[in-house]
Amino acid sequence: MIEKNYQPADIEARMSVVWEDSLAFKAGRPDRRDAVPFTIVIPPPNVTGSLHMGHALNNTLQDILCRFERMRGRDVLWQPGTDHAGIATQMVVERQLMERQQPGRREMGRERFLERVWQWKAESGDTIINQLKRLGASCDWSRERFTMDEGLSKAVVKVFVQLHRDGLIYKDKRLVNWDTKLLTAISDLEVQQTEVKGSLWYLRYPIEGKTFSPGNPSSFIVVATTRPETMLGDTGVAVHPEDERYQKLVGKNVVLPLVGRRIKIVADEYSDPAKGSGAVKVTPAHDFNDFEVGNRHGLRRISVLDKEGCLDLVDNEDYLRDLPEGAGQFAEEFHKTDRFAARKRIVERLESFGFVERIEPHTHMVPHGDRSGSVIEPYLTDQWYVDAKTLAKPAIAAVRSGETSFVPKNWEKTYFEWMENIQPWCISRQLWWGHQIPAWYGPDGKVFVAETEEEAISHALGYYVEQEVITAEQGREMALDRNKREGFITRDEDVLDTWFSSALWPFSTLGWPEDTPEVKRYYPTNVLVTGWDIIFFWVARMMMMGLHFMKEAPFSTVYIHRLVRDEKGAKMSKSKGNVIDPLNLIDEYGADALRFALAREAAHTHDIKLSSQLVEINRNFATKLWNSCRFAEMNNCVVPEGFEPAKAKEPLNRWIAHKAAETTREVTEALEAHSFNEAAGAMYRFVLNIYCDWYVELAKPALLGADGPLKDETRAMVAWARDEILKLLHPFMPFITEELWEVTAKRESLLALAPWPLKPTGPTPEQLAMLAAAAGPTDPLVSPAFVMPIFDHADFSDPKAEAEIGWVIDLVTQIRSVRAEMNIPPATLTALVLAGASAETRERAPRWTDVIKRMARLSEISFADRAPDGAVQLLVRGEVAALPLKGVVDIAAERTRLDKEIAKADADIKRAEAKLANEKFVVNAAEEVVEEEREKREAALARKAKLLEALERLKQAS
RNA sequence: GGGCACGUAGCUCAGCGGGAGAGCACUACCUUGACAUGGUAGGGGUCACAGGUUCGAUCCCUGUCGUGCCCA
C-alpha cells in the first residue's frame, strides 16, 4: 500500500537501511563477477568537513552515473573515503584546544598532539560520511579509505622514495610562499592574489661618491617600491638596459640608506622603464622576481625577516656583513619589529633624512594564504620539491592523445595552459598532522631517504662508519638503540602537502603498492567528477602520479561541473552568511528533491543559482510522481507475468509504450554524454506532460469501465509505464523510486539492481581491453550482465496510434482553449459536432467519447455533414470540430477569432511561398527542407480553405 | 596584460543553421472520482549591439559594449 502522503524523511531513512543490509552497492558482487567494471573515486572530502552544496552537487552527479551504470549491469565501484586535510584539520583541533582552554599544540608536543588529532578524527570523522549517505550516495562503504590509513601511507612513502630515487623529488633552498601565521611553506596554488590598496614609495638611494642632497637629483637614484621595509635586504638596484636615463649609472654603486650597504646598479630587462621611476630596488631574499634578477647578476640574498614576519637583524650575519660602523645600533633598534610596523617606522626614518621623494596611492595584488588569510611572505628556506615539469609531460600527452578527455572540452585548454607553465611543486609543510617525510639527516646534513626508519638508519650508519665518522662498534650500538643515535641521526620534521597523498587516490585506495586484484580490475577508473576549482590542485596531480606509477592515466573522462551559488549568484561563504545547508533542504524537501533540482540545473555552462524554491518545485514533482503511483494502485494496475508492451493492441497503450521508449533512449543517451540536465529534463517532461497529463487521463475511462481486454491491457500498461518511469528516474531520485518500486509489486530485486530498460550500446574498446586483461569469462556480449530484458524502441513505433492519440490531444486542447477564450465556465457543458468527419475519425471517435467529454467538458458528441449554424468551428487536424454555441457566444467574437486564424494561415502561406519562389533556396537547401516547406504551404492552404468555409457558414448564420 | 565563459520572457535558465522553449512569477477560471505539494487557459521576447558568411543566422565568423571567473 502506498501511503497517502509523500513523506521523504521516512522513506529515506528506511531505504538507506534496505540498501545497506542488501549490500547493494558492494563492488565485485558475485552476480557481477563477469560484468564490465565501472569505477569512480570520490573526491575525498576533508575529515573536518560537513556536507556543503558543492558536495551535494558533486556527489549527486557521481551517484547518478554510478546508479545508471549499476542498472546497466556494470560492476560498479564507487570508492569512498576522506582526506586528512593537513592544515585544515590541524587548525580545527588547535582551535578546539583553545576553546576548551587546554594546553596548546606546542605545549603538548608532537606526539600527544597527534594522538589528540586521531582522537578527534575517531569522534568526528564520520560526520561527512553519514551526510553523504543521507544524500543517497551509493558508494561501496565497506571500502572506505582515509588518506592517513596504513595502506595509503605506505603508498605515500613508496611514491616519495621512488620519486626521490628517480631524481624527481629534491630538496632545494629557494623562495617559498611562507605563511607567517601558520609558520609553514605553502604551494603556489594555496596562495590567493588579492587586490589591495597600498602605496608606491619613491625612495632616493644616494650614489656612491656623491654628496647626497635631496635638492640635487644627480646625487641619487630614485627607486619605486611597494614594500619599503624590505629595503634592509636590498643588494642591488636594477634599471632597464635600454633606459637612457640610467645608462651612465650602470655598474656604479649606491649606498643603501639607513643601512649603509654598498650595492650595485645593474642593467636588467625586468625593470620596466614605464613603471614608477624606471629603477627598482632588488631584494633577492624577499621577492620572487628579485630572486631571479639576483641570480642573473650574482647578487647576495639577505633575509631580514624571521618566520613570524618580524625584522631579524641582530646576529644576522648576512645582514651585518660589510656594514659600516654603527650599523649594529640600527639593527638593535629595529630588531623584532613586525613587518607592517617596520614599514611605517622605516618610512618615517627615511623621510626624516630626505630619502623619500614622494608617495603615490597604488593598488596592487598581494598574496594571501588561502587558509590563514595572512599576507604571504616570499621566504628563503630549504624545502622539498617535486619536479612537476617532468611529470607533467606525460600528463599533457595523455590529454592530447585523448586517453583522458575533459567534459566540457574547453577545460582542456585551462589544463594545458597550467601544465605547460608548471612550476616546481613545494611539497613540504612545517606542520605535524600529515605524512611525515621519510628522510633522515646525519650530523653533516646528509640526507637518507628510505621507506622505513630501519632502512634509513642502516644506510646512514653504514655510510658514517665507512666515512670513519663513527666506529663500526658505535654504528652497531646506534642501530640497536634509538637513544644512542638521538642527536646523531634525526628525521625530517616536516610533513607532506595533503595533495601529495590525494594525488595517489585513484590507485592507493585500491590497495597499491600491493598487487591487489582490485588494482587490476578497477584501475584506471572511468570518470572523475569534480569542480573546476581543483583541476590544478588535484586532477592534474593525479594525472601525473597515475601516469608515472601506473603507466596509465587514472581516468578516461574528467567531468567538470560548475559551482553552486546562492540565489543571487554570490559565492556561498560563511562570512557572507549566505550558505545554504543541503541538510536543511533535505530535511525540508527530501534528498530526492534536492538531487533532482541539482541535476536539472547541472548544465555545462553556468554556475548553479540555488534557492529553496527551486528544491520545492522538484519536491512537488516527487509528490506528483507519488500520486500517479497511488492512482495506478487504486486502479489495480499490475504488470501481469509475461506482459509484452510491444504487443499491446490498444492505440493509447501503444502510444504510451512508444513515448516511454523514446524517453528511455533520450535519457540513456543524455546520461552517456553526461548531460545531466537533459536527462533529468526529459524525465520531468515525460512524467508530467505525457504520463500524467495525457496517458493517465486518457486511460481513465478504460480503467473505470467494464471488465474486459481493454481494461486488462490498460491496467497492465499503466503499471508497466510506471515501472519504466521508476527505473529511469532511479539514478536521480533513488529513495522515492526504490520505495515505490517496493510497495507497488512483488519484485525480483531492488530497483537499484534492476536492469536498465535500454541495452547498453556495447562495451567500448577500452572496456574490452580491460576485460581481456581481467581473469574469467571475457565476452561481455554473452556475459549475464549484458543480456537484459531489453526492448528496441523501433518495436514500439506506431504512426497510427500516434495519429489517433495526437488527434484526441489536439481536439481536447483546442476545445479547452476556445472555451477559455470565449469565457465559457467549466460548469457549462457544450455539445461537439464533428462535421464532415473522415471515415478514420468516425471510426476512432467513439473510442474516445468518454474521455473527450470529460476533459473538454462536453455534453455529447455527434457527427454531421456540416457545422450547425452559428457554431464555433475549430480546425483539428484538417477537419472541423464544431461547438454549437449559438446564443452562448457572440458571433462577432467568433468571426474575429476566425479572421485571426485566417490571417495566421495567410502569413504561413506567404512565408512558405516566398521561400519556394526563391530559386537559390530551392537549389541550395537540402531536399527534405524544401519538401517540408512545400508541405507547410499545402497544409496552410488547406487550413485557410477550411477556415474560409467556416467563416462563410458563420456569415450565413448571422 | 593573457585566457575562459556568458548577455534569450519580469526572474532563473534550456536551445545553438531551417517558423522562439521550460520552470517560477503574473492574470483568469476550476475543490472534475491520484494529486490544491493540484488542474485548465492566457499575457509576456527586434534571442545585447553592429558588420560578415549563407538561399536562410538566436545559433557560425569578426568587432563593439556589458557581466563573471581564472592566470600574470
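Each chain gets a letter, A, B and so on, in the order its sequence line appears, and its residues count up from 1. Since this is a predicted model, take the numbers as computed values, not measurements.
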Visitor: Rounded to the nearest 0.5 Å, how far apart are CE of A/Met543 and OH of A/Tyr415?
Guide: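 Interatomic distance, A/Met543 CE to A/Tyr415 OH, rounded to 0.5 Å: 4.0 Å.
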Visitor: Using the P atom as the reference point in each nucleotide, state the distance between B/G23 and B/A9 in Å, no decimals.
Guide: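 The answer is 16 Å between these two P atoms.
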Visitor: Just call it for A/Asp533: base, sugar-phosphate, or nothing, with non-hydrogen atoms closer than 4.0 Å on any strand.
Guide: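 No contact.
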Visitor: Using every non-hydrogen atom in the two residues, find where A/Val718 and A/Tyr691 come nearest and quote the distance to one decimal.
Guide: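 Of all heavy-atom pairs spanning A/Val718 and A/Tyr691, the closest is O-OH, 3.0 Å.
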Visitor: Taking atom C1' in both B/C49 and B/C11, what distance in whole Å separates the two?
Guide: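 After rounding to an integer number of Å, I get 23 Å for this pair.
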Visitor: For A/Trp626 and A/Tyr6, I'd like to know if the aromatic rings sit close, meaning centre-to-centre distance below 6.0 Å.
Guide: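 Yes, they do, as the ring centres are separated by less than 6.0 Å.
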Visitor: Could you tell me whether A/Gln613 contacts a base, only the sugar-phosphate backbone, or nothing, with contacts defined as non-hydrogen atoms closer than 4.0 Å?
Guide: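 Contact class for A/Gln613: sugar-phosphate only.
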Visitor: Let me have a per-nucleotide readout for nucleotides 35-47 of chain B, 5' to 3', with B, S or -, counting only protein heavy atoms under 4.0 Å.
Guide: B-BSSSSS-----
Visitor: I'd like the C1' distance from B/U32 over to B/G56, given in whole Å.
Guide: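 Comparing C1' positions in B/G56 and B/U32 gives a spacing of 48 Å.
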Visitor: Could you work out the separation of B/A48 and B/U58 based on their P atoms and round it to a whole Å?
Guide: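 It works out to 10 Å between them.
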Visitor: Could you tell me the separation between the CH2 atom of A/Trp720 and the CD1 atom of A/Ile725, rounded to the nearest 0.5 Å?
Guide: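 With rounding to 0.5 Å, CH2 (A/Trp720) is 9.5 Å from CD1 (A/Ile725).
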Visitor: When the C1' atoms of B/A20 and B/G3 are compared, how many Å lie between them, rounded to an integer?
Guide: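 Taking atom C1' in both B/G3 and B/A20, they lie 33 Å apart.
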Visitor: Please state the C1' separation for the pair B/G1 and B/U53 - nearest whole angstrom.
Guide: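 These two C1' atoms come out 32 Å apart once rounded.
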Visitor: Judged by each residue's nearest nucleotide on RNA chain B, which is more toward the 5′ side, A/Asn410 or A/Asp188?
Guide: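 Nearest-nucleotide comparison on RNA chain B picks A/Asn410.
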Visitor: How about A/Tyr559 and A/Phe676: are their ring centroids closer than 6.0 Å?
Guide: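 Ring-ring flag for A/Tyr559/A/Phe676: true, centres closer than 6.0 Å.
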Visitor: What's the verdict on side chain to side chain donor-acceptor pair (under 3.5 Å) for A/Tyr695 and A/Asn653, showing C-alpha distance, side-chain angles and the deciding distance?
Guide: CA-CA 8 Å; A/Tyr695 179 64; A/Asn653 292 332; 2.7 Å; yes
Visitor: Work out how far the P atom of B/G7 is from that of B/C60, and round it to whole angstrom.
Guide: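 10 Å, rounded to whole Å.
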Visitor: Using a 4.0 Å heavy-atom cut-off, does A/Ile2 contact any base of the nucleic acid, only the sugar-phosphate backbone, or nothing at all?
Guide: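 A/Ile2: no heavy atom of the nucleic acid under 4.0 Å.
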Visitor: Taking B/G44 as the reference, what is the distance to B/G10 when you measure between their P atoms (whole Å, please)?
Guide: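 To the nearest whole Å, 11 Å.
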Visitor: For A/Leu704 and A/Trp411, take the nucleotide of RNA chain B holding the closest heavy atom to each; which residue's nucleotide lies nearer the 5' end?
Guide: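 On the 5' side of the pair lies A/Trp411.
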Visitor: Map every base of RNA chain B to its dot-bracket character, where paired means a Watson-Crick or G-U wobble contact with both distances under 3.5 Å and | marks a partner outside the strand.
Guide: ((((((((.[[[[.)..(..]]]].(((((.......))))).....[[[[[..)....]]]]]))))))).
Visitor: Reading nucleotides 55-63 of chain B 5' to 3', which nucleotides get B (base under 4.0 Å from a protein heavy atom), which S (sugar-phosphate only), which -?
Guide: B--------
Visitor: Tell me yes or no: between the side chains of A/Thr663 and A/Glu666, is some donor less than 3.5 Å from an acceptor?
Guide: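 Result is no, nothing qualifies.
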Visitor: What do you reckon, is CD of A/Glu3 surrounded by more than 12 foreign heavy atoms closer than 6.0 Å?
Guide: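 Incorrect, the count does not exceed 12.
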Visitor: Do NZ/NE/NH1/NH2 and the carboxylate oxygens of A/Glu662 and A/Arg665 come within less than 4.0 Å?
Guide: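 The answer is no: the pair does not qualify as a salt bridge.
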